[in-house]
Amino acid sequence: MNALAEIRSRFLPVLESHSDSATELLGMIRPAGDPKFGDYQANVAMPLGKKVGKSPRDLAAEIMDAISLEGLCSNTEVAGPGFINLTLDNAWLKNQLLASLADDRLGVEQVTNPKTYIVDFSSPNVAKPMHVGHIRSTVIGDAIAKILGFVGHKVITDNHVGDWGTQFGMIIYGYKNFLDPAAYESEPVGELSRLYRKVRQLIDYHGALANIDGVRTEIDTLGGQLEQLKAQQAATEEKSAVKKIKKEISATQKRLKAKQETLESFEKKITAVETGELATEANAHPEIGTAVLLETAALHKGDAQNLALWNEFLPACREDMQKIYRRLGVSFDHELGESFYNDQLQAVVDDFEAKGFARTSDGALCVFMNDYDTPMIIRKKDGAFLYSTTDLATIKYRDDEFDADACLYVVDHRQHEHFEKLFDAARLWGYTETEYKHVAFGTVMGDDGKPFKTRDGDTVGLGGLLDDAESKALKIAIDQNPDLSEERQKEIASVIGIGGLKYVDLSQNRASDYEFSYEKMLALKGNTATYLQFSYARIQGIIRKTGADPTAIRKNPVPFEFATDIERELAVKLIRFSEALDDVLVEYKPNMLCAYLFELTQIFFRFLEQCSVKDAQSESLKQSRLQFCDLMSRTIQTGLGLLGIEVVEQM
RNA sequence: GCCUCCAUAGCUCAACUGGAUAGAGCACCGCUCUUCUAAAGCGGAUGUUGCAGGUUCGAGUCCUGCUGGAGGUACCA
């Protein structure tokens, strides 16, 4: 049973007698901010007192007279301006612990009104090298899906793979012009990836070459403007005018800086090609940019050769992706990529046109919506469809097939506006029953404070990062467990290494951008998965050493004992597992569960320091502590499991 | 220009959506292993929550303005 929910349900009738918005007030009953105030606190009296014109303290007293917390709270007090502090009854707590001990679900009740959720996550582009930025959607989406499922919802996961985009035009062009047949024979994906990078580089080169003079001119112009503005500033005396000029100066400086950065990156791209081996090839393929677009267009129109190549490339690319997913332990119910929707796009566009939701503007078919300056384009003027079109088709397909109550898109926050438009368009189209939600997450930044990009050579790809995480964990695993077999050591290293990597993404508020740090990704100390996993392994050690049988512990429990304060503290935290899951689902924030597990583990390690199991003063206390250990190990295992992180018996 | 998000300890981040004295980890300095795994525990300090106002019993959180950063902004995804 969820203690918070139980307290709230006891408050509800009393609050209803004082206010019409009792349900809202329930949100003001929450875990106590400080243990000295008890376990929970109700902050309802302050706003309510104001509303009904009573002193909050009097009202709090009145509420407490009317309420029945019999058997649930042993102590209540009104404090400060009108806080109601609540302390759980120890007998009630012990009963809850016993109930959780006997329950596979650790006392977490299933929701009474299960819904169907589609969780759309990961969605990488195949055939493009994956980097560390791609891991975020995958682990966050996976965790949200698992948690939704655990609390009793029906969950359908779908990986909306990018398997139909321009990158295939590039690879096809590369295949036709630069293929190394031997390399392709022995390592097809590696060769395709090389072709992708090469074509990308040549396109960037020609793009830079074509635009660099323009950028130089712009820089000159901006520089001139800046001089003028500065002269103006010096000649102006009136305050508001000076302020205005200052603002323009700073805006101009900003633009100038941006242009200079562009210039630098152009220069880099040009030198990289001209001083390298690519120079002659660059000259031989001056029209590579348009050529690639033509290859892509041909593919989309069903050109036999390109389609055959695409069919040849795709399985290998997908298999390469699956290797990463297998290592991450992530799987999907569906992997309906963009190509899957290809033959449905025309119908979507026709429908929008027929119903008058879209009209042609500047040659493109556009959906105009009130809240936006720019329309959502669903067909380009060259007749090609876009991401938006595919997304609309996906909405329709999912509605036909799955009839979900909600659809969550776990995607980078840079696509915020795209999704706002998409959801509006979907509602316009008639999909008003489903709740669409963009579960956005922050960008992974490089150490320069700019979005993380794979730079050639000096950054590890995703696979390499996983290797490093495992090999670093392996060193410590060998050091710590010299007697274990090599196989076991490797298994431990994999669980610890991968778990640590995932935990970095999960433990942060998903909304924040975060700075990629190699050290942080591979850290095994502090607030990391390793810390949590270690508590589990410790418990397994205790169970081994004491010769206890976990099944027997659960089947024949003794009453829990609180011989020390820390045991009660641990008890309170353990029964809050269910609250932590609720907290995650309010805003789909897995870091709420990480924070819970971390705090729980901190308490647990203090418990271990203070409370010997083996040398407990009495047999009954020893049993009680074994029961704590069992509950703890299952809470960690389940909690980490919901985050997609495994545990090991020994480490 | 317009729109969205962000600014918290030296660093990386939390803060249960308006609650009581803003918390962790990292890094740094000590201490604790013949006693269930030291991948642990204990102790040590650091803050005008970017700036200026406002709203109220109460603001890191809400509103206004400013400064600084990131992203988006008609045919990329």
Side-chain angles (χ1 to χ4, degrees), chain A residues 4 27-28 30-34 36-37 41 43 46-47 49-50 56 79-83 85 123 125 162 165-167 250-251 338 361-366 371-382 384 386-388 390-391 411-418 420 440 442-443 445 449-451 473 476-477 479-481 496 504 507-509 511-515 517 519-520 523-528 530-531 533-535 537-546 579-580 582-583 586-587 589 591-592 594-596 598-599 602 605-606 608-610 612-615 625 629 650-651:
Chain A
L4 183 58
M28 313 193 74
R30 58 183 54 195
D34 188 318
K36 77 180 176 205
F37 300 133
Q41 62 183 47
N43 304 333
M46 281 89 77
K50 173 115 186 159
F83 293 103
N85 293 333
S123 314
N125 286 317
T166 320
Q167 81 267 33
S250 111
E338 290 173 340
S361 168
D362 284 347
L365 191 65
C366 302
D371 298 336
Y372 308 100
D373 295 339
T374 54
M376 184 171 83
I377 297 174
I378 56 176
R379 190 183 60 212
K380 299 201 275 185
K381 66 179 163 200
D382 66 6
L386 297 102
Y387 186 41
S388 327
T390 313
D391 276 349
V411 183
D412 192 313
H413 70 48
R414 281 176 289 188
Q415 296 188 34
H416 180 75
E417 189 172 321
H418 163 74
E420 291 296 307
T443 317
M445 307 296 235
K450 296 259 159 111
I476 300 177
D479 201 39
Q480 294 286 328
N481 309 281
I496 304 295
V504 172
S507 59
Q508 262 165 117
N509 186 328
S512 339
D513 290 346
Y514 81 81
E515 191 177 309
S517 136
E519 290 72 35
K520 194 173 169 183
L524 301 171
K525 285 184 153 189
N527 183 5
T528 62
T530 310
Y531 181 73
Q533 288 162 325
F534 184 54
S535 73
R538 283 282 296 271
I539 294 168
Q540 305 318 307
I542 290 172
I543 288 174
R544 275 196 304 274
K545 292 267 164 70
T546 53
E579 289 173 28
D582 290 345
D583 288 342
V586 173
E587 282 291 335
K589 283 160 69 168
N591 67 306
M592 302 303 271
C594 293
Y596 167 80
F598 179 61
E599 286 159 17
Q602 284 183 310
F605 275 123
R606 280 195 280 131
L608 272 196
E609 291 291 322
Q610 294 173 34
S612 172
V613 175
K614 197 176 61 180
D615 301 323
R625 287 177 178 171
C629 285
Q650 197 174 350
M651 61 188 269

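Here is how names work: the chains are called A, B, and so on, in the same order as the sequence lines, proteins then strands, and each is numbered from 1.
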Check whether any side-chain N or O of Lys520(A) sits under 4.0 Å from OP1 or OP2 of rA27(B), and answer yes or no.
no

Mind checking if Ile543(A) touches a base, just sugar-phosphate, or nothing, with heavy atoms under 4.0 Å?
nothing

So, is Tyr596(A) near the phosphate of rA24(B), with a side-chain N or O under 4.0 Å from OP1 or OP2?
no

Please determine whether a side-chain nitrogen or oxygen atom of Arg606(A) lies at a distance below 4.0 Å from atom OP1 or OP2 of rC42(B).
yes

If we ignore hydrogens and angles and just use 3.5 Å, is the side chain of Gln650(A) paired with the main-chain N or O of Asn481(A) as donor and acceptor?
no

For rU17(B), does OP1 or OP2 lie under 4.0 Å from any side-chain N or O of Arg30(A)?
yes

Side-chain donor/acceptor of Asn85(A) to base of rA20(B), under 3.5 Å
yes

Has Thr528(A) got a side-chain N or O lying under 4.0 Å from the OP1 or OP2 atom of rC26(B)?
no

Does rA40(B) have its OP1 or OP2 closer than 4.0 Å to a side-chain nitrogen or oxygen of Arg538(A)?
no

Going by a 90° cut-off around 0, is rU17(B) syn or anti?
syn

In the structure shown, which nucleotide is the Watson-Crick or G-U wobble counterpart of rU12(B), with both distances under 3.5 Å?
rA24(B)

Check for a donor-acceptor pair, side chain of Glu609(A) on one end and backbone N or O of Phe605(A) on the other, with a separation under 3.5 Å.
no

Short side-chain N/O contact to rG18(B) OP1/OP2 from Asn43(A), under 4.0 Å:
no

I want to verify the glycosidic state of rC31(B); is it syn or anti under the 90° rule?
anti

Does the ring of Phe83(A) meet both stacking tests against the six-membered base ring of rA20(B): centre distance under 5.5 Å and plane angle under 30°?
yes

Taking only side-chain N and O atoms of Asn125(A), does any of them lie within less than 4.0 angstrom of OP1 or OP2 on rC76(B)?
no

Per-pair stack call Phe598(A) and rA24(B), 5.5 Å, 30°
no

Side-chain donor or acceptor of Lys545(A) under 3.5 Å from a matching atom on the base of rU35(B)?
no

Look at the side-chain N and O atoms of Gln480(A) and state whether any lies under 4.0 Å from the OP1 or OP2 oxygen of rA38(B).
no

Whole-Å gap separating P (rA38(B)) and CG (Asn481(A)):
12 Å

